Every structure is written in structure tokens, then in C-alpha cells.
Amino acid sequence: MNFLRITLLIILILPGVALSQDESLLLDEAFVTDVRQAVDSVYNMNYGASLEILQPWRNEHPDHPVWAFWQALEIWWKILPDIENTDHDDAFFDALDEAKHISDERILGSKDLDALIVNSMSYAFSARHLSNRSSWYRSLLHGRKAMGYFSDVEAMLPELGDLHFGLGMKEYFSAYLRENYPVIRPFAWMLPGGDREGGIDHLQIAAETSTFMIPESIFFLGHIQLHYEENFNQAMVYLTDLTRQYPNNGYYQRLLIRSHERQNNQGRAIQLAGKILSRWEDKNTAADLALKEELHVIRGRFLKFRGQEDQALDDFIAAYRAGEKLNPKDNRYNFIRASYYLGEIYLSRGERGHAAYFLQKVSASNLDNHYVERAKSLLHEEF
């Protein structure tokens, strides 16, 4: 993961203040039960069901800031499956800004617990996506804001389950950065102390007790075990759990396939990719096309490595066609991967015109990765 992006996940705790607890919708046990069901619906890509579950609460509390945040959460699930597309960014940030504005007005009158929680989540999601867009300074500012509100909530209600998500992220990634990135050591004084094992423990508690952050906690547990701890068996437990809980969420299906690709589980990746692609065959939203683009590339790579070039070519063509319908197509990672392998296969077959077309497309990309460099090398050597 990009060093700056990890850094922006680190929590810089600000001093907490003593608060008086008022009546809270977010602590109402009946609301918590319903919102967990609604969160599951959103993460399973069933937005209509989530709105239906929460509508009675919205009718009763129409001015609560959680509704603007909820709108942002739904937009988030239009962004995340196709992260390279910026079409929904403005709507996402506008919804978060509205949640912050409503929360700020409530906080002016008193230290309102619900407003503090919504502000913490809103600034955290804003910081996360600003880092996706390489807006590092603004992301850092929003991250600090999030954790200021987080500290206020922690001072008021330290047993809140969702707090463990923030604590887990802070503990794990601050420790990981200190241990593995020498470049940050001159700035280590800016980071809170950390504990990798303690961070994982906090995330596990959040995965069991949170209101809003259960699926995010499970995701980061899998992500950490796969990419940082290299505990592949444990990672597969978490990622498989996500795909079972949210079978309509193509993003989690993609993560599971990526984990097989990372471990070079060729047979399982080919088999599972085929199964998922069959389910998504008639689905054609941007998120669905992004899934097809990536899964066809992964399966095509493994088929090519196995010498099944004809089947691999079919996969790369399918990935290319899916990517052509997405934006920005010329700088999409999987579109570039598909184009490179098409160029390589056509070159091996002596179809130099087709090969040159795809390799030139890759070499013209603004992406900074080895496929672009390899395409330039082949063009220089062969044409």
C-alpha cells in the first residue's frame, strides 16, 4: 500500500474533554439492531432495503445528521468497486459536508454524542477518500479532525464498540510504519505509539461489537493478515467470511480472487473466477464491469502461464471490452494489464499489427508501473 496512504490511516489523538451524555439515537438498542441490518443491506449492494429498514427512524428523527452520512455511505459503494472513476466524488464529499454541517450545529448547543460520532465517521471517510485522490495535505487535516471528535467520544463513552475500529487502525499501522519504513523515523514524534498485536485485537472486538464498522473491521483484518502479516490462511478466513456475508458485493469477490492471485493459487483462482463471472454475466453496472475487467485479467494471466494461450486470449479480450466501457479507460490498471497481455500474445503469434496497437496503447498510459515500461521495451526491441 502507498506509504502516504497508510500514513493517513494513522490516528493522531487530540486531548479528550469531559462530556455530559444526552439522549442518543445511536445508542438506542432498537436502532442499533436496525442499523446493523441496514449496513448489511448496503454492503450487500441492496440500497432499497436499507432505506426501508431505517425509514421509520428517519420519520421520527428527520433532522439527525446520520441521514446525510448514510447517503454518503451509499455513494461510497458506488465509488469503491470502481475506485479509478471519479464521477461520484463530488456527490460523496457533498453528502459528508452536509453531515458535518448538521453535526456542527448540534455541537454548538452542547457536546452532542451523536453529532460527535457522525462527525468522526464523516471526517474519517473524507480523509480516506482524499488519500485515494492523492490529496495528502487535506487528507491529513481531515484525519486529525476525525480523531479529535473520536477522542471526545472516547472520553464520553469508552465502551462504544465502534471506537475499537479507530483504536485498532491507530495501534496497528503506527507500529507497522515505525518498524518497516525508515523514511518516517525523523517524523516518528508525530505518530502515536503503536502495537501490532494490540491493534489486531481492537479490530477483532470492533468486528464483533460495532454498530457501523463490522464489515470494515473484517475487511481490514483480512487485509492486514494478507499483505502485512503474510498469514494467508487467516486472511482467507476473513475474506471468505466477507464474500459469504455479502454475496452480491462484487468488490469483496474481487478481493478474494486477489488473495488467490497473491498466493499463486492458480487452480483455485481459475475455478473461482469462472464461478463468479458466471454469476455476473448479465450484470453491467460500472461496479460489475470493473469486476469482470479484473477477474478476466487474473484468470487470463494464470491460463497464459499454464500454456492455455487461446483461453487466455479470450479472457484478455473480455477484460479489454469491459474496460473500454469504464472511465478513465486509458489509465485503468486492469485495462492496461489486459492491453499489455494482448500485445504480448499477438506478438508471439506474429500478428504484429495487433501487437503494436495494444503495446502502443499501454506505452501511452500515464500509469507508473512495470507494464508500461515492459510495453515500451517491447516496442523498442521489436518495431
Side-chain angles (χ1 to χ4, degrees), residues 1-9 43 45 72-96 125-136 138-139 142 216 219-220 223 226-227 249-259 261-262 273 276-277 280 283-301 315-343 358-375:
M1 181 184 289
N2 187 289
F3 160 69
L4 286 173
R5 189 162 298 161
I6 297 176
T7 302
L8 293 169
L9 291 171
Y43 278 71
M45 316 306 272
L73 186 63
E74 293 193 348
I75 298 170
W76 176 246
W77 276 106
K78 295 178 182 178
I79 292 173
L80 190 58
D82 187 23
I83 197 69
E84 292 159 302
N85 188 335
T86 63
D87 289 352
H88 301 290
D89 283 15
D90 288 344
F92 177 69
F93 287 121
D94 286 347
L96 290 177
F125 267 86
S126 179
R128 180 176 176 183
H129 195 42
L130 285 167
S131 75
N132 289 332
R133 298 304 180 226
S134 299
S135 184
W136 309 117
R138 289 182 63 207
S139 181
H142 284 233
E216 289 294 315
F219 161 71
F220 274 104
H223 178 73
L226 179 65
H227 294 287
N249 189 318
Y251 179 69
Y252 289 149
Q253 305 288 340
R254 288 164 63 188
L255 290 179
L256 186 60
I257 291 291
R258 284 181 203 170
S259 70
E261 182 182 31
R262 181 175 171 82
I276 296 170
L277 286 166
W280 260 262
K283 300 179 181 181
N284 289 295
T285 67
D288 301 327
L289 290 170
L291 174 144
K292 294 177 183 179
E293 179 190 47
E294 180 165 0
L295 266 60
H296 277 299
V297 168
I298 291 174
R299 187 173 68 176
R301 286 183 68 243
D315 266 318
F316 293 133
I317 290 172
Y320 182 89
R321 288 175 177 168
E324 276 192 309
K325 300 173 185 176
L326 296 167
N327 290 315
K329 67 178 182 181
D330 291 333
N331 288 310
R332 298 179 60 83
Y333 175 64
N334 284 306
F335 184 76
I336 292 302
R337 285 211 293 177
S339 300
Y340 172 80
Y341 283 115
L342 284 169
F358 288 108
L359 292 173
Q360 286 169 358
K361 182 176 288 291
V362 177
S363 67
S365 171
N366 293 325
L367 288 182
D368 181 17
N369 66 39
H370 66 281
Y371 290 103
V372 175
E373 296 307 313
R374 285 161 64 180

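Model, not experiment: these values are computed from the prediction. One is the number of the first residue; the rest follow in order along the sequence.
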Which atom names give the shortest non-hydrogen contact between Arg337 and Ile298, and what distance separates them?
NH2-CG1, 3.8 Å
Can you give me the closest heavy-atom contact between Ala375 and Ser363, atom names plus distance?
CB-N, 4.1 Å
Check: residues 75-83 side-chain donor-acceptor pairs under 3.5 Å, at least two apart:
unit_1	atom_1	unit_2	atom_2	d
Asp82	OD1	Arg332	NH1	2.8
Asp82	OD1	Arg332	NH2	2.8

Can you measure from OH (Tyr320) to CG (Asn334) and round to the nearest 0.5 angstrom?
14.5 Å
Take Leu326 and Phe335 through the side chain to side chain contact (heavy atoms under 4.5 Å, CB included) test and state the conclusion after the steps.
CA-CA 9 Å; Leu326 296 167; Phe335 184 76; over 6 Å; no
Thr86 and Phe92: side chain to side chain contact (heavy atoms under 4.5 Å, CB included), yes or no, with the steps?
CA-CA 10 Å; Thr86 63; Phe92 177 69; over 6 Å; no
Would you compute the distance between atom CD of Glu294 and atom CG of Leu277 and round it to the nearest 0.5 angstrom?
11.0 Å
Run the side chain to side chain donor-acceptor pair (under 3.5 Å) test against Ser365 and tell me which residues pass, sequence neighbours left out.
Asn331
Set out, in order, the CA-CA distance, both residues' side-chain angles and the distance that settles side chain to side chain contact (heavy atoms under 4.5 Å, CB included) for Arg299 and Leu295, then state yes or no.
CA-CA 6 Å; Arg299 187 173 68 176; Leu295 266 60; over 6 Å; no
Minimum heavy-atom separation for Glu293 to Ala319, with atom names?
O-CB, 3.4 Å
To the nearest 0.5 Å, how far apart are CG in Asn327 and CD in Glu84?
11.0 Å
Value rounded to 0.5 Å, distance of CD1 in Ile317 from OG in Ser339:
11.5 Å
For Asn369, check side-chain contact (heavy atoms from CB on, under 4.5 Å) against everything at least two apart and list the hits.
Tyr333, Leu367, Tyr371, Val372
Would you check, one step at a time, whether the test side chain to side chain contact (heavy atoms under 4.5 Å, CB included) holds for Phe358 with Tyr340?
CA-CA 6 Å; Phe358 288 108; Tyr340 172 80; over 6 Å; no
Distance (rounded to the nearest 0.5 Å) between Asp315 CG and Arg301 CZ
12.5 Å
Taken in chain and number order and not counting sequence neighbours, the residues that satisfy ring pair (Phe, Tyr, Trp, His ring centres under 6.0 Å) with His296 are none
Please find the pair of heavy atoms, one from Ala273 and one from Ile257, that lie closest to each other, and give the distance.
N-CD1, 3.6 Å
Under a 3.5 Å distance rule, please check whether Lys292 uses its side chain to pair with a backbone N or O of Trp280 as donor and acceptor.
yes
Measure the spacing between NZ of Lys325 and OG1 of Thr285 and express it to the nearest 0.5 Å.
11.5 Å
Going by the rule salt bridge (Lys or Arg N to Asp or Glu O under 4.0 Å), which residues pair with Glu74 if we only count those two or more places apart in sequence or in a different chain?
none
Tell me whether the rings of His227 and His223 are parallel (<30°), tilted (30 to 60°) or perpendicular (>60°).
tilted
Arg262, CZ atom: more than 12 neighbouring heavy atoms under 6.0 Å
yes
Using the test salt bridge (Lys or Arg N to Asp or Glu O under 4.0 Å), find all partners of Asp89 that sit at least two apart in sequence or belong to another chain.
Arg133
